Structures are given as structure tokens and as C-alpha cells.
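Chain letters run A, B, ... following the sequence lines, proteins first and then strands; every chain starts at 1. Keep in mind that what you see is a predicted model, and the values were worked out from it rather than measured.
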Amino acid sequence: MNTLIASLSIWSSLLTAPPEGEAPPPTREEIAPVEEAAPAEEAAPAEEAVPAEEATPAEEAAPTEEDAPTEEAAPAGEATPTEEAVPTEEAAPAEEAAPTEEAAPEPEGKRYTVVPEREGDPPYYSDADIAELRARHGLDPEPPPPQRRALWRCLIADQTCGVTFEVQATSAYALRMRQGDVSVDGDVIRWSSGRAQYDAQLNIPVVTQTIGKAKYTRFTLAPKGGVIASDSRDLWGNFGIAGRYFFGNKRWAPTLEFSTALTMQILGAGRCPSGQGTCAVPTRSPVGVQMDVGVGVGGFGSLVIGGQYDSPLAREDLPEQFRVASSGMFYIGFRGNIIWGLPAVGALTTHALATRLVEAP
Amino acid sequence: MRTFASILAISLWPLGAAAQDPVPVPDPEPLADPAAEGDEQAGQDLEGEADAPEGEFGPFYEGEPDSEVHWPTPKVRPGQPLLGVGGGAFCFGEDAGCKASLLADFDFGVGMNIVGSDRGIDVAYTQWRVRGGFTVRPFQLARERFHPWGVGLTVSYSQGSPQIATGRGSSSDPFADVEETGTLEGLRISMIHQIWLSQRRNALHVDLSVGGVQTTVFDAQGRFWGTHAEVAVGWGPWASFFGSADFLDRDLRAVFGFRTHAMVGAPVFGLLVLGLLAGGAL
């Protein structure tokens, strides 16, 4: 008996096998369940369904789920043996099926539902949603205030800025000194004067603090250079390294500043090129050094105290008139960013007063 | 009977079909090779034929990922040179993203005047200088992408401290005929090469300048040409440390100094002049 059935099945399969290149007949496994395409509950009335045996060919199939809204889904009876087809056995009982001719009513028109536009941006959380989220993650009910931003586009150094560049002006009282007669022990000439200094300073963050996704500068270190003016048309250049540490992230947080630099006198009082009178002329100078420390607020300004030493040029092979005595100064004053005005005005005034009122001995 | 055969055929068709025409098993998709993709992307970037799609981050980042921490104050003019126009076509201050830049700066330095003859005495030397010029980035112009090399031309004028010249007369006094010359003026014309070490704003760059210098030499009459060479390391247009030398006939002037942009030097110079004027020194 088994042999007979096997032979029959082989012969029947050969007889009913589709021609080459034609799609094979469908099986139950290839028929999509009704839930995936059109649920039976939402499908057309069961009376319009047709039995599976009388399913229409694929060419007459009703629109599939891609091109027909669910509410207007074709009757289950119009299910076709395609992969998107809807089986009819689960859609409607066969005895309630309607004739095929009545199964495909033309839709009267597409219906659209206009959803009012939502406020805000995705994911459209309401205040209540946000509150629930914050509570779920153990955050404070009130969100933190927005991050502070620097004034004047970071022209004044600020913790909320990355690399910055600034120009600083210093106005200070200076106790100047110069070596006197070398044959006399301890012979030093001292006089009170003023010191005006203008420095260009780069600030490169070398230590930062990260809070959330925000980065704050705590310590900057970078090259700086500038000029120093005092009485008697003396003008020095200086270049070196300056650093600033911020004790906090607020705008007016205290700071500790320091700078160290090489110094050299560029201009000094001398005979004018015309041969008449005294002018500021290029002056020979060995290299010196200056350093200072300061305590300030933010990048706005600081009180500084420092000193400067100018090396001598006193070789024996130099005639006496060309020798340079060692000299220097201690100074205390105020240094600040020129953007907000007062430091620049102070330095300018100091320079003018020192030039007008002080004469180097 | 025919119905029975049809049912059997339908039910057993897969077996028969499988026996007659086995379904070919598709070959598994080859796994993507990140390195190969990276090389391909790099090749595309290098060729300049295609850029990465917007929003994708490859071995060559288009932008900062959203997960990156940042300073709360945003950059001024992000994504383009700070002092540039036309998206970096021309900049008034050097920047890694500039195709052509104006050079206008002020510098000063200290060093030595080293004399190789008995015509003068080695002494300390200081000078200040103003410089102007331009640089272009040829490959950045041609390829519309960053390229580290820039080349340009500069002209500068300097004033330096006087030399100490010794006379030619024979005398037993070593200080006889020793005199101080006037202010040492110099005019330099140089070709400058720049190598930008990164693409960031205020990026570090190394500059090499080679050219000629015209200046006086001791007490000789006239101005003479010598060789000028300089190496500088700078941060954008704002600050540079440099070492330079003027090579003249047995007269070498070596200087180590600091340079800043004219946008800084000019107001500082103005403040200094104002101070001298207010102090009655001018």
C-alpha cells in the first residue's frame, strides 16, 4: 500500500508539476496568517468572504496591505494565493461567503486623518513626562540652570572658553635699582618710579574639569610677550610663559597668576639721530629676567608683585662708556585685560606720570 | 482520482521539487572589513573624489561627535578661520584653514652681535622689527582641503642696537679709535615656508624664512647685502618664538625673540606713543 501511494504521489507530482520557470503552487506554509495582513475583525464583513477553494487568481486580487488602508481592506474572501494573500479559512466561515463578483467594492476615496502638529521637538515630552523621567533617574525635580557663557566672545579669559588670547596692561609702582660704583661695596642707586607693561598672552588650557558634557578650564599655560615702559624713556621687551589657575567655575572666581620671562631693553634715552636733543633710541642690552605672581578675579584683573633683573655688560675689553651696569626693580601693581578699559587707562597714566615726573639718577 | 492526485501533488510537491531542483543556498555575505573600508574612505578623502556622508564619522571625522565634551561658550565663527573671508580664501591673520594669508606683525628680540674680525667688538644686540607679507597654500588652493605647506614672501624693517667698531689705526691703546655706530637698520626680503602641524584654530606652525638683508656694517660707508635666515614656531597669528640670524661679512647678528600680530602690536604701540606724548617725551 505504501508503495502504491508513493508511486501515485510521484506520478501525480510529475503530472501536476508547473512548467519550468513558473512559480510553484502555494502551500499552507506560504500563506501569510491573517493577523499580519488584515485582521479578521477589521476585515470586510464575513458575508463578502469567499471560500478558499474559490479564491480568485492573483491578477484579480484585492489590494494588499501596502496599497490599501486597513479599514478598507479587501474582503477576506478575495485572498489570493500570493505571499501577501490572506487565507480565508480564518477570516470568515465558508458558509457565510458571498459570491466573488460582489467581493470587491470600489473604495469611494481615500480617507486621511490630519493629526495636529505637536509642540516642541521630538520626542515631544511634556513637562509631566520630564518630571517623571527625572524622578525615575533620581535627579532633582528642577533642572540645573543653563550653562554660563563668557562675555565679549572670550576676549577676556574665562573658564568656559577654550584657547583664548588676551592683551593685558599692568600699572605698578616700581622701586628701581642700579649698581653704583663697583669699587664701593654695596653701592646701589635706588629710586621710585612707575612701571607700565603691555603683554599679549595666549591661554592654552592644560588642566580642565568636566561636568556632564561641559568642560571648564582650570589652568592655562602659554607663551606671552610684551613691552615694559618706565621713566627716562626706558622700554624693555619681554617674552616668556604665563599661567593662570582658576579656583572655581564662576565668572568672578579667584585666580592665581604667574609669569616668567626674559627681558631685554629695546629703547632708552640717547642722542637723537639728528644729533640734537635726547630721544628714545635702540639700546644695547644683555638679556635679563622678570617674574611675578598675582591674585585676581576671573580673567579681569589681578594684584601682582614681582621683580626684574637686567644683567650687566661689563667685560674688560669694553670701553667704560659702553658698559652696562646691572639693574632691576621690584614692583607691585594691578594687571588686567585691556578690553574693559581701566587697566589700559591705568597703564597709560602710569607711563605718562613716570616719564614726566621721574628722572633716573 | 484526479482530485486525489492533485491533493497528493500539492502536499508532496515540495519534496518533489526539492528532489528535482534543489534550492540553491545563497552564499553568506562577506563580513565587512573595517580596515578595508577605512582605507577606501581614506583613499576617497585623499583623492578628494567623495566626502563622507553627512553625519557619519569615519577615520576622518567630519565634525565633533555629539558625545564629545565641550566648553560652554561656543567658538566664534566655528568651522572657518577667525580672521578670514570667503571661507578662508583670504585671511588677515594666519590660520590652518586659510588658503592665503596676510602677514603683518611686530617682533623684538635679543641676541649677540658676533664679529669675526678686528673691526668690531662682540656685544649684546637687541632689535625690534615690523614685517609684512603674504603666504599662500598651493595644495590647499588646488584641492580645497587642508594641506600643511604654505609659502610666501615677507619684507621687514628693523632697528637694532648700535655696534661697537674699532678703528684701523695702529695704536697700543686697545680702546683707541673705538666708537659706537648709529642705530643699526636692516631691510630684509625673505621667502617663507610654513608647515602647519594641525588643522585646529591657533594651530602650531613652524616657519622657515630664508632671504637677504641689507644693512650697514660697522663704520664702512654704504649698505651691504647679507643672508638672513629664521626659524619660528608660532600659535596661529598671535604669538611666535623665533630665532634668526643675519650673516654679513665677518659680522653675524643672532637674535632670539617674540612676535605678535599687528592687530596686537599696533594698539600697544599706540598706547606707548600716547604715554610718551602725555609724559612730554616726544
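- For A/N238, the part lying under 4.5 angstrom from a heavy atom of chain B is the backbone only.
- Contacts between residues 265-280 of chain B and chain A, counted as heavy-atom pairs separated by less than 4.5 Å, involve B/V268, B/L271, B/L272, B/L274, B/G275, B/L276, B/L277, B/A278, B/G279, B/G280.
- Salt-bridge annotation for B/R188 and B/E230: absent, with no side-chain N of the basic residue lying under 4.0 Å from a carboxylate O of the acidic one.
- Heavy atoms closer than 4.5 Å to chain A are found in both the backbone and the side chain of B/F256.
- Residue with the most contacts toward chain B among A/A200, A/G226, A/P286, A/A196: A/G226 (heavy-atom pairs, distance under 4.5 Å).
- For A/I211, no part sits under 4.5 Å from any heavy atom of chain B, backbone or side chain.
- With a 4.5 Å cut-off on non-hydrogen atoms, A/L357 does not touch chain B at all.
- Contact annotation for A/L353: neither backbone nor side-chain heavy atoms come within less than 4.5 Å of a heavy atom of chain B.
- Heavy-atom pairs under 4.5 Å with chain B peak, among A/P223, A/P205, A/A214, at A/P223.
- Residue-level contacts of residues 340-352 of chain A with chain B, in order of numbering, are A/L348, A/H351, A/A352; threshold 4.5 Å between heavy atoms.
- Only the side chain of A/C154 comes within contact range of chain B, with at least one heavy atom under 4.5 Å from a heavy atom of that chain.
- Salt bridge A/R149/A/D158: absent, no basic N to carboxylate O contact under 4.0 Å.
- Looking only at side-chain heavy atoms (C-beta outward), B/T216 and B/E185 stay at 4.5 Å or farther from each other.
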